[in-house]
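Okay, structure first, notes after.
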Amino acid sequence: MKMSKTLYTTAATSTGDGRNGHVRSEDGLLNLDLAFPKELGGAGGKTNPEQLFGAGYAACFHSALNLVASKEKAPVTNSTVTARVSLHPTETGGFKLSVVMQVEVAGVKQDVAQALVDKAHQICPYSNAVRGNIDVTLEVKAA
């Protein structure tokens with residue numbers, strides 16, 4: 001599959017011991033120590049890859065939602081997006097992720113909020129990247 005024009009590229013590097021190591025973006029704006037969460041037998045107290053994924057997905061999805069609402073001139077007065085990321089074991093000894101995307105949209109009725117979120121899910125780069133690979137559940141609430 002040939003990629004279209006590149007709009008942006010960045011890089012992040014992991015050093016140390018993976019989940020108990022360090023990550024840094026090439027510009028240094030992201031510069032964090034990582035730790036296994038206590039729930040996975042680690043020390044906790046530091047961020048982990050699932051939190052980083054959730055933060056990125058939530059922010060990206062929120063931007064997609066705002067873009068869709070703006071294009072459709074929907075009277076959205078406020079919105080929040082929470083990505084609840086879960087880690088699951090696979091039957092083959094590996095691991096997989098799932099996401100519950102909790103979206104609150106104020107200023108519109110439930111059916112409009114649902115339509116906006118559905119459209120955002122179609123254009124969000126994270127949603128497009130994970131579609132067919134991990135389970136994503138959309139929970140939409142008009143506020």
Could you measure the distance from the [atom1] atom of [X] to the [atom2] atom of [Y]? Nearest 0.5 Å is fine.
| X | Y | atom1 | atom2 | result |
| --- | --- | --- | --- | --- |
| His22 | Asp17 | NE2 | CG | 14.0 Å |
| Thr80 | Glu104 | OG1 | CD | 4.5 Å |
| Asp33 | Lys46 | CG | NZ | 4.5 Å |
| Met101 | Glu139 | CE | CD | 11.0 Å |

Q | Beyond-backbone contact of Val85 with Leu97, side-chain heavy atoms, under 4.5 angstrom | A |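 A side-chain contact under 4.5 Å exists here.
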
(Q) Would you say that Thr10 contacts Glu26 through its side chain, given a criterion of any heavy-atom pair below 4.5 Å between the two side chains? (A)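 Counting from C-beta outward, Thr10 and Glu26 do come under 4.5 Å.
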
Sequence neighbours excluded and cut-off under 3.5 Å, please list the side-chain donor-acceptor pairs for residues 105-117, or say none.
residue : atom : partner : partner atom : Å
Gln110  : OE1  : Ala142  : N            : 3.0
Gln110  : NE2  : Val140  : O            : 2.9
Gln114  : NE2  : Asp118  : OD1          : 2.9

Q: Tell me, yes or no, whether the heavy-atom count around Arg131 atom CZ, taken from other residues, nucleotides or ligands under 6.0 Å, exceeds 12.
A: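 Enclosed: over 12 neighbouring heavy atoms sit under 6.0 Å from CZ of Arg131.
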
Q. Between His88 and Ser98, does a side chain to side chain donor-acceptor pair (under 3.5 Å) hold up when you go through it step by step?
A. CA-CA 8 Å; His88 310 274; Ser98 68; 2.6 Å; yes

Q.
Using the rule that Ile, Leu, Val, Met, Phe, Trp and Tyr join whenever any side-chain heavy atoms are under 4.5 Å apart, tell me whether Leu67 and Val76 fall into a single cluster.
A.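 In one cluster: yes.
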
**Q.** Side-chain donor-acceptor pair present, Asn128, His121, cut-off under 3.5 Å
**A.**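 No - no donor-acceptor pair under 3.5 Å links their side chains.
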
Q. Between Glu50 and Arg19, is there a side-chain N and carboxylate O pair less than 4.0 Å apart?
A.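 A salt bridge links Glu50 with Arg19.
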
Q | Qualifying salt bridge (Lys or Arg N to Asp or Glu O under 4.0 Å) pairs, either residue in residues 61-77, two or more places apart | A |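 Listed once each, the pairs are Glu72-Lys119.
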
Q: Let me see the working for Val136 and Val130 under side-chain contact (heavy atoms from CB on, under 4.5 Å), right down to the final yes or no.
A: CA-CA 8 Å; Val136 176; Val130 303; 3.8 Å; yes

At their closest point, which heavy atom of [X] faces which heavy atom of [Y], and how far apart are they?
| X | Y | answer |
| --- | --- | --- |
| Leu34 | Val23 | CD1-CG1, 3.6 Å |
| Ala83 | Val99 | CB-CG1, 4.2 Å |
| Leu30 | Leu32 | CD1-CD1, 3.4 Å |

Q. With no hydrogens and no angle check, is any side-chain donor or acceptor of Asn48 less than 3.5 Å from a backbone partner on Gln51?
A.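 Checked: pair present.
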
Side-chain donor/acceptor pairs under 3.5 Å, residues 52-65, sequence neighbours excluded:
residue : atom : partner : partner atom : Å
Tyr57   : OH   : Ser127  : OG           : 2.8
His62   : NE2  : Ser79   : O            : 3.2
His62   : NE2  : Ser79   : OG           : 2.7
Ser63   : OG   : Ala59   : O            : 3.4

